[in-house]
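Okay, structure first, notes after.
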Amino acid sequence: MVYTNIFAFIGGLGGTEVILILFAILLLFGAKRIPELAKGLGRGIREFKDATKEIKTDIENSVKDDNRAK
């Protein structure tokens with residue numbers, strides 16, 4: 001039940017298909033390269049979160065400034 005919730009964005013793949021995909025990724029990139037890829041992905045996600053947070057605060061500040069001007 002938990003696996004269907006986690007992998008719902010993939011389109012309902014079963015456990016066997018996920019294992020085969022992970023095995024193919026391991027074969028393509030190798031065991032040494034996978035941690036580097038994960039680290040880069042983590043940095044990208046962190047930068048994206050920071051950018052969205054910054055945009056959100058900018059919008060909130062501009063709304064507050066508009067309300068004060070009235």
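Index from 1, following the sequence.
Alongside L27, the hydrophobic cluster contains F23 (criterion: ILVMFWY side chains under 4.5 Å). Under the 4.5 angstrom side-chain criterion for Ile, Leu, Val, Met, Phe, Trp and Tyr, I19 has no cluster partners at all. Applying the under-4.5 Å side-chain rule to Ile, Leu, Val, Met, Phe, Trp and Tyr, the cluster around F48 consists of that residue alone.
The side chain to side chain contact (heavy atoms under 4.5 Å, CB included) search around L26 returns A31, I34, not counting sequence neighbours.
When hydrophobic clusters are built by joining Ile, Leu, Val, Met, Phe, Trp and Tyr residues whose side-chain heavy atoms come closer than 4.5 Å, directly or via intermediates, L22 is grouped together with F29.
Counting heavy atoms from C-beta on, the side chains of L37 and L41 never come closer than 4.5 Å.
Sorted by first and then second residue, the salt bridge (Lys or Arg N to Asp or Glu O under 4.0 Å) pairs involving residues 18-27 (not counting sequence neighbours) form an empty list. Listed by first then second residue, pairs satisfying salt bridge (Lys or Arg N to Asp or Glu O under 4.0 Å) with a partner in residues 30-53 read R33-E36, not counting sequence neighbours.
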